[in-house]
2 protein chains.
Amino acid sequence: MATVRRPGAYHCGIDAAMDVIGGKWKVLILWALDGRTCRFGELRRLVSGVTEKVLASHLRELEEDGIVHREVYDEVPPRVEYSLTPLGVLLNGALAPLGAWGREHVIGGAAEAPGEAVGGHFPIPSARPLTM
Amino acid sequence: MATVRRPGAYHCGIDAAMDVIGGKWKVLILWALDGRTCRFGELRRLVSGVTEKVLASHLRELEEDGIVHREVYDEVPPRVEYSLTPLGVLLNGALAPLGAWGREHVIGGAAEAPGEAVGGHFPIPSARPLTM
DNA sequence: CCGTATCCAATTAGATACTG
DNA sequence: CAGTATCTAATTGGATACGG
């Protein structure tokens, strides 16, 4: 289960969820890990602009909350791989409508064909550079 | 349309949405206004713990982003009523799955009958005190 | 009643350098 | 490669008092 940061202090589910995804770069990390496994350096490149310190601390928090899995390979040079846990996959799914809202009403003015399912939260699920 | 705070700086829809709902009390304000019109003092009581200054500034930002409507009645004593715009209603709807995720996986461990629709983002839509 | 103004505290993130 | 350590900067929110 996820580590509850402020036990008993939540007013509703979103309040609680916001506590988990509240870091400045967290949803971008979630995005980067969607359906893929990444090494630290890869993530640093994908989430462009984030510093090592902040990326590391966000990853640690997401790990504590049960959202990402950290697999350490005892090799030299060292290798660590990050991926979403099942809970993280669920979270990413729950984020989808919000992402659709943001794309429709904040970013793009009127685009998106009406017939098309706009449930997706990612513009290009497996695009390499995250900066679109 | 919503005022874009960081024009062109978004990496994806969620990133953009987070910019709109990012304030500490914003989702609680959204919650309080769901399906209801509130005066300033009412909101202050509903969103318990928020200070006047922060509530006022969050309301102003939500207004700038086209999420809440502010209706001023030129009376004495002054009366101002806040409500959700259609865009705010949509946002609240998009927040629902995230709220369900938070309730299920952060707050309540295993509750929720499986057959029940867990789409709702609010525990008690028209409850008076927000602190549950 | 509905806010503003001011000042301060706390949290968060960035820059840079360094290590196993 | 995958981080940690420090130190600093910026942002955000809180307390309190006052104004139209």
Side-chain angles (χ1 to χ4, degrees), chain A residues 3 5-6 9-11 15 18-30 32-33 36-65 68-83 130-131, chain B residues 3 5-6 9-11 15 18-30 32-33 36-65 68-83 130-131:
Chain A
T3 300
R5 272 191 234 300
R6 291 150 37 199
Y10 300 116
H11 298 93
D15 193 21
M18 289 295 294
D19 204 27
V20 171
I21 60 171
K24 181 171 179 184
W25 306 93
K26 283 189 184 169
V27 300
L28 264 16
I29 294 170
L30 254 22
L33 289 177
R36 145 173 59 189
T37 287
C38 280
R39 301 181 58 173
F40 187 85
E42 262 180 295
L43 275 174
R44 197 174 32 163
R45 280 185 298 277
L46 286 171
V47 183
S48 72
V50 72
T51 63
E52 295 171 335
K53 174 196 145 186
V54 171
L55 177 57
S57 85
H58 280 190
L59 281 170
R60 193 166 340 260
E61 288 176 8
L62 289 170
E63 192 190 354
E64 277 168 17
D65 286 333
V68 314
H69 172 69
R70 181 170 181 267
E71 185 77 38
V72 182
Y73 296 89
D74 196 12
E75 304 171 353
V76 41
R79 180 161 63 105
V80 179
E81 290 190 344
Y82 295 91
S83 57
L130 245 61
T131 45
Chain B
T3 299
R5 271 193 233 301
R6 292 150 37 199
Y10 301 115
H11 299 92
D15 193 21
M18 289 295 295
D19 205 27
V20 172
I21 60 171
K24 181 170 178 185
W25 306 94
K26 284 189 182 169
V27 299
L28 264 15
I29 295 171
L30 253 22
L33 290 177
R36 145 174 58 190
T37 287
C38 281
R39 302 183 56 175
F40 187 85
E42 263 180 294
L43 275 173
R44 198 173 34 160
R45 281 185 299 275
L46 287 171
V47 184
S48 70
V50 72
T51 62
E52 295 172 335
K53 173 196 146 185
V54 172
L55 178 57
S57 85
H58 279 190
L59 280 170
R60 186 155 345 248
E61 288 177 6
L62 288 169
E63 192 191 354
E64 278 168 16
D65 286 333
V68 315
H69 173 68
R70 181 170 182 266
E71 186 78 39
V72 182
Y73 296 89
D74 196 12
E75 305 171 354
V76 44
R79 180 162 62 106
V80 180
E81 291 189 342
Y82 295 92
S83 56
L130 244 59
T131 45

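Protein chains get the first letters and strands the later ones, always in sequence-line order, with residue 1 at the start of each. The analysis underlying the following values was restricted to heavy atoms, covering all of them including side chains, and did not include hydrogens, waters or symmetry mates.
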> OP1, OP2 of D:dA2 versus side-chain N and O of A:R44: anything below 4.0 Å?
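No, A:R44 has no side-chain N/O under 4.0 Å of OP1/OP2 on D:dA2.
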> Measure the distance from OH on B:Y73 to C1' on D:dG20 and round it to the nearest whole Å.
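Answer to the nearest Å: 20 Å.
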> What I want to find out is whether A:R36 reaches A:E42 closely enough, with some N-O distance under 4.0 Å, to be called a salt bridge.
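Salt bridge flag = no for A:E42 with A:R36.
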> Could you state the CG-P distance from A:D19 to D:dG13, rounded to the nearest angstrom?
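That distance rounds to 14 Å.
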> On DNA chain D, check which nucleotide each of A:V80 and A:K53 is closest to and give me the residue with the more 5' one.
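Nearest nucleotide further toward 5': that of A:V80.
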> Side chain of A:R70: nearest nucleotide among D:dG13, C:dG3, D:dA2?
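When the side chain of A:R70 is considered, D:dA2 is the closest of D:dG13, C:dG3, D:dA2.
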> Check the phosphate of D:dC1 against A:Y82, side-chain N and O only, distance under 4.0 Å to OP1 or OP2. Yes or no?
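False: A:Y82 side-chain N/O out of range (4.0 Å or more) of D:dC1 OP1/OP2.
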> So, OP1 or OP2 of D:dA2: does either fall under 4.0 Å of a side-chain N or O from A:R39?
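Affirmative; the distance criterion is met.
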> For A:T51 and A:P78, find the nucleotide of DNA chain C closest to each by heavy atoms; which residue's nucleotide sits nearer the 5' end?
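Looking at DNA chain C, the more 5' nearest nucleotide goes with A:T51.
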> Atom CG of B:L59 and atom CH2 of B:W25: how far apart are they, to the nearest 0.5 Å?
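It is 13.0 Å, given to the nearest 0.5 Å.
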> Out of curiosity, B:L43 CG to B:E52 CD, how far, rounded to the nearest 0.5 Å?
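Answer rounded to 0.5 Å: 12.5 Å.
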> Expressed as a whole number of angstroms, how long is the span from A:R45:CZ to D:dG3:P?
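One finds 13 Å between P of D:dG3 and CZ of A:R45, rounded.
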> For A:E81 and D:dG3, give me the distance from atom CD to atom P, rounded to whole Å.
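So the two atoms are 12 Å apart, to the nearest Å.
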> B:L55 has an atom CG; how far is it from atom C1' of D:dG14, in whole Å?
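To the nearest whole Å, that distance equals 13 Å.
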> Report the distance from atom CZ of A:R60 to atom C1' of D:dT4, rounded to the nearest whole Å.
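Going from A:R60 (CZ) to D:dT4 (C1'), I get 9 Å.
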> Quick one: which of C:dC2, D:dG13, D:dT4 gets closest to the side chain of B:H58?
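Out of C:dC2, D:dG13, D:dT4, the nucleotide with an atom closest to B:H58's side chain is D:dG13.
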> Can you work out whether B:W25 or A:S57 has the more 5'-proximal nearest nucleotide on DNA chain D?
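Counting from the 5' end, the first nearest nucleotide belongs to A:S57.
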> Just compare C:dG3, D:dC7, D:dG13 and give me whichever is closest to any side-chain atom of B:K24.
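Selected nucleotide (nearest to the side chain): D:dG13.
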> When rounded to the nearest 0.5 angstrom, what distance separates CD in A:E81 from CG in A:L33?
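Answer rounded to 0.5 Å: 11.0 Å.
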> Within this structure, what is the CD-to-C1' distance between B:E61 and D:dT12, rounded to whole angstrom?
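That distance rounds to 10 Å.
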> What is the distance, to the nearest angstrom, from the CD atom on B:E52 to the P atom on D:dG20?
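Nearest whole value for this atom pair: 16 Å.
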> Can you measure from CG (A:L46) to CZ (A:R39) and round to the nearest 0.5 angstrom?
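Here the interatomic distance stands at 13.0 Å.
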